Every structure is written in structure tokens, then in C-alpha cells.
There are 2 protein chains.
Amino acid sequence: MQDIRILVADDEEKMRRVIRIYLQKEGYRVEEARDGKEALEKIKASSFSLILLDVMMPAIDGWTVCREVRKNASLPVIMLTARGEEYDKLFGFELGVDDYITKPFSPREMVARIKAVLRRSKEDKRNENTVKIDVLEIRPMSKQAFLENKELTLTPKEFELLYFFARNQEHVYSREQLLNKVWGYDFIGDLRTVDTHVKQLREKLGKYKKYICTVWGTGYKFRNDQ
Amino acid sequence: MQDIRILVADDEEKMRRVIRIYLQKEGYRVEEARDGKEALEKIKASSFSLILLDVMMPAIDGWTVCREVRKNASLPVIMLTARGEEYDKLFGFELGVDDYITKPFSPREMVARIKAVLRRSKEDKRNENTVKIDVLEIRPMSKQAFLENKELTLTPKEFELLYFFARNQEHVYSREQLLNKVWGYDFIGDLRTVDTHVKQLREKLGKYKKYICTVWGTGYKFRNDQ
DNA sequence: CAAATTGTAAACTTTTTGTGAACTTTTTAA
DNA sequence: TTAAAAAGTTCACAAAAAGTTTACAATTTG
């Protein structure tokens, strides 16, 4: 397993230790913070995969830390709240909290929730640059393109071309520009190359070939007229 | 049954003897410790499947022993507490105690609880980081991979490669990336190495070779199209 | 309608991948 | 410790897939 670092912010020494023990047993690397201030410093200093934040902490409370974290990165956050502690779950969700753990909790539950959040965050990352237009979906990370949820079988160039078009809807590109942007600025070759690939793409798009439309005298563009 | 060794730590000689008799009747091997200090020594010296810890012991009490144990391994612990003895169940759970037995107890109950804890701990161990996809199951802890519940015979690299793919379904990796991630960033060698291992893996996957699919012009990925 | 532009099929070229065999390194067994 | 076996790596070449060019047909536009 590659290193997964988790920051545990709680003012109770005992609580931190217990959590640390269980997380280390799962193979995670654990850092501790005594209060909100220390937590923010550590977050700024290095990168974590997840943070466990106690709500009640001296100096800076958990909500404030969470808000700060959300300003910058998309770092998963799990809040620790004492049962009965006045807290507004809704408030937390608005801050983008990924989950809650209510004290006292069983180690099993804690580990399960952490794993769930990490799994979800990984999926998010995977779908990061995914483009969705109408019935077309393109996932660059997995090099997959879907039309009406059916996967298309595209060659690398076809994929790149479609992805480029989809990222730049409505923008018209000349053949030269397309060769530069999709094939690379150092490509020396025939303009007809573009035509050929457009033709093949259209074929694979079937009844959605209209997505890639010819702008007479100029070039091509991706059109999404709904 | 393979040897299951249980350590019984209690200062009362009679208590130890009673427990020993019942556990031996169940086929377990039993070791005894008179106090916390002796318990820690024995734990350090050899390996047990479970420990029964009396809370009240001279020299070092049960909680302390438990804490020490938790620092290192993931050894199941059952605490023995006298009824009415002030003890904090919550505290115990935070320390990772697996179960409690309150004295006086029936031998039946004790054996039942021990079996339950052992079963759970075995499952935990087995399922740690296990990946299950369709008919493929990979247990990194035991370095085993199963296809339709039949174990595959994989070489270490083949195993690592398959495990990596399975953990990152659908994500495409170039040969360079695979060499970095599976072989290590400091591997200097031929890209074809990946091809060869992929080929061998596919061979062993038989009709499920489609799991590892070639993404032309990019690399390989694990595919699970159901 | 004629000029300009685009579409298309097929031939051709290049790139990428699959594969077996030789070779090296590591592990296991004696 | 050494010999044998297993695993891992490299390499060369065949096969497959993709990309490019070309020539010509079809279409658009004024």
C-alpha cells in the first residue's frame, strides 16, 4: 500500500493515542495535533489523505479548521463529536464534511468510516477530469468514452480529438489548429489527416455524428444544440 | 485444529486452574501468568492467539498490559473483571479490548466468548485489504489470489501486478507508470518487461484474461465490464 | 455553373504490441 | 556453500493496429 497519511486533531491525549493505534494497525501513517492551530499548521506544512477533527478544541475549534481546509484543497474531513454535544449536522454538511463519528465509537466503526471516505475520495479523483455533455461522457483517466452509457471503441487519436472537441464546445478550429493542438505543434503532414479522423469519429458516433460539425471554409467544431 | 495458544493472566491460582481445564478440554494450549509483569514477558517471548487478562493484578494491572500489547501486535484480548469492580467499559473499548467476561462466569460462556473472538480475529486477518472483483479475489496478507474460488499460482511480480491492477480498476497506466508503481521508482529497465509479465498473467487468468486489457497507444488497465 | 472546399475509400507507412527464446538474477534445496 | 530451479529481464522480430497520404467524388457557395 502506498503511504496514506492521516491527521488526528483532538485535545485529549488518550483519544489521540487510541485512534493512532488503530489506524497504524491498518497500515496508515498517523500525525497528531493537539488543537486547531497545530492542525492547520500541519496541514499547511505537509499533505494528508484525510483529517479527523474533533469539534471541541482549544484555540481554534473543529468547524473553523474545517472551513479553512475547504478554502484550499479538497481534503476529506471526518468530524468527531461527543454525543449530545450541541452541533448542527446540517451546518457540518454545508461545510463539506465527509462524515461524522460520534464519541464514544468502536474502533471498528471508525476504521470502516475512514475506509469508506477514502474510497469515495479516490473515486472522485478518478473522475476528476471527466467531461459530460448530453449523452456523451469522456473519462480521460480511464481513456473511456461513453455514448448513451455504451462504451465507444476509439483509437488513441480519435479519443484525443473527441476529448479536445468536447473540452472546447462551440469553438471553431481550423485544420491547422487541430493538427497543432491534438497532433502536436511539431506535426508536419497533410491537412486531410484531420478530415479522415473526423470522418472516422463521426462514424463511431453514429446518430450523434452531428456533435462534430463542419464550419465551411474554416474547420470543425463541437456542437451541442440540445 | 492447529495449535491455538492462549495466555491466562490472573493472580488467583484457582481461577487459572479452572480456566486451564476448560480450555484444554476444548483443545487449546494454555499458558499461565501470575501477574502483569509475567504476562508481558511471556507475550514477548512467544506468540499467542489470544490473551485472557484479569484487570486486578499485582505489579502491573490488566489495563496496562493491554495497552502494551496494543502498541505492537493485533493480538485479541479478553478482560476478566470482577462484578462490581469499578471499570470503565468505554475505556476498555478505546484500548481495543475485544470482549469482557465478568466473574463469576460459567465455563460455557467463557468458551463461547473465546471462540467468538478467535473467529472474528481470524476473519479480520483474512479480509485485511482483500480485494474482491467478480470471480477474482486477492488476499495480500496471505499472498493468495483466487479465480472462481480456485487458487492461482502466481509469482511475486505477477501477484503484485495483478493486485495493483485490481486496486485501480479502469485506470489506465502506461508501461513507465507500471514500472514505477509495481517495480519501484528506481527500476531501470526495459518497458517490454511489463508486456512479458502481462502476457504471463493473462495466461494464468485463462478465460478471464480479458481482465487485463490493452489500451492501445497508452498501456494497460484492469477492466471489469461484468 | 464553376471554384473552392470537404468527404471518402483505399493504399501505404509507421507505431505499437505480442511472443518466444536467450540470458541474468534470485531463491530454494541439498 | 554450491548446484539446481524458479523468477525476472532483455531482446529481436512477427503481427496487429493505428495513422497518413493520395486521388477522386461529392458538396457547398456565390
Side-chain angles (χ1 to χ4, degrees), chain A residues 143-145 151-165 172-223, chain B residues 143-145 151-165 172-223:
Chain A
K143 292 264 179 187
Q144 288 177 303
E151 187 169 355
L152 295 172
T153 309
L154 302 178
T155 69
K157 273 284 180 301
E158 283 160 15
F159 185 89
E160 286 305 321
L161 187 60
L162 181 61
Y163 185 43
F164 178 79
F165 273 129
V172 185
Y173 292 95
S174 70
R175 288 171 179 71
E176 281 96 335
Q177 286 177 309
L178 287 169
L179 284 177
N180 281 334
K181 302 258 186 186
V182 180
W183 273 255
Y185 82 103
D186 53 350
F187 177 84
I188 303 163
D190 205 295
L191 291 181
R192 271 300 104 94
T193 299
V194 179
D195 295 50
T196 302
H197 281 86
V198 164
K199 179 207 154 207
Q200 280 158 356
L201 240 185
R202 281 176 172 157
E203 208 155 86
K204 292 186 181 176
L205 289 174
K207 68 172 176 172
Y208 292 100
K209 58 164 61 71
K210 66 189 167 83
Y211 276 148
I212 293 174
C213 86
T214 303
V215 181
W216 221 86
T218 313
Y220 300 98
K221 72 168 185 177
F222 190 101
R223 182 170 168 199
Chain B
K143 293 265 178 191
Q144 287 178 302
E151 185 167 359
L152 295 172
T153 309
L154 302 178
T155 69
K157 273 282 179 303
E158 284 161 12
F159 184 88
E160 286 305 319
L161 186 61
L162 181 62
Y163 184 44
F164 178 80
F165 272 129
V172 186
Y173 292 94
S174 69
R175 290 171 179 71
E176 281 97 334
Q177 287 177 310
L178 288 169
L179 285 178
N180 280 334
K181 302 254 184 187
V182 180
W183 274 255
Y185 82 101
D186 53 351
F187 177 85
I188 303 163
D190 204 296
L191 292 180
R192 272 299 107 95
T193 300
V194 178
D195 295 50
T196 301
H197 281 85
V198 164
K199 179 202 155 210
Q200 280 158 355
L201 241 184
R202 280 176 173 157
E203 211 153 85
K204 293 188 180 176
L205 289 174
K207 68 172 177 172
Y208 292 101
K209 57 165 62 72
K210 66 191 167 84
Y211 275 149
I212 293 173
C213 87
T214 303
V215 180
W216 223 89
T218 312
Y220 298 99
K221 73 170 184 178
F222 189 102
R223 182 169 171 200

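These numbers come from a predicted model, not from an experiment.
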**OP:** Please name all residues satisfying salt bridge (Lys or Arg N to Asp or Glu O under 4.0 Å) with A:K204, sequence neighbours left out, ordered by chain then number.
**Re:** A:E158
**OP:** For DNA chain C, note the earliest and the latest nucleotide, 5' to 3', having some atom under 4.0 Å of a heavy atom belonging to chain B.
**Re:** C:dT15 to C:dG20
Original post:
Counting only heavy atoms not in A:F187, do more than 12 fall under 6.0 Å of its CZ?
Top reply: yes
**OP:** Using side chain to side chain contact (heavy atoms under 4.5 Å, CB included) as the criterion, list what pairs up with A:R192, not counting sequence neighbours.
**Re:** A:R175, A:D190, A:D195
**OP:** For B:K143, enumerate each residue passing the salt bridge (Lys or Arg N to Asp or Glu O under 4.0 Å) test, keeping only those at least two apart in sequence or located in another chain.
**Re:** B:E160
**OP:** Please identify each residue that fulfils side chain to side chain contact (heavy atoms under 4.5 Å, CB included) with A:K199, with sequence neighbours left out.
**Re:** A:E203
**OP:** List in chain and number order the residues that pass side-chain hydrogen bond (donor to acceptor under 3.5 Å, both in side chains) with A:R223, two or more places apart in sequence or in another chain; answer none if no residue qualifies.
**Re:** none
Subject >> Contacts of type side-chain hydrogen bond (donor to acceptor under 3.5 Å, both in side chains), residue B:K157, not counting sequence neighbours >> reply: none
Original post:
Using rotation axes that map the C1' atoms of four end pairs onto the next four (five pairs an end), what angle separates the end axes of the helix from C:dC1-D:dG30 to C:dA30-D:dT1, to 10°?
Top reply: 40°
Original post:
Excluding sequence neighbours, so at least two apart, what forms side-chain hydrogen bond (donor to acceptor under 3.5 Å, both in side chains) with A:T196?
Top reply: none
Subject >> side-chain hydrogen bond (donor to acceptor under 3.5 Å, both in side chains) partners of B:E151, counting only residues at least two apart >> reply: B:Q144
**OP:** Enumerate the residues from residues 178-188 of chain A whose closest heavy atom to DNA chain D is under 4.0 Å, giving them by residue number; use none for an empty result.
**Re:** A:W183, A:F187, A:I188
Original post:
Along nucleotides 23-30 of chain D, 5' to 3', which nucleotides get a B, which get an S, and which get a -, given that the test is a protein heavy-atom distance under 4.0 Å?
Top reply: -----BS-
Original post:
Are B:V182 and B:Y173 close enough that some pair of their side-chain heavy atoms sits under 4.5 Å apart?
Top reply: no
Original post:
So do the side chains of A:L152 and A:F159 get within less than 4.5 Å of each other, counting heavy atoms only?
Top reply: no
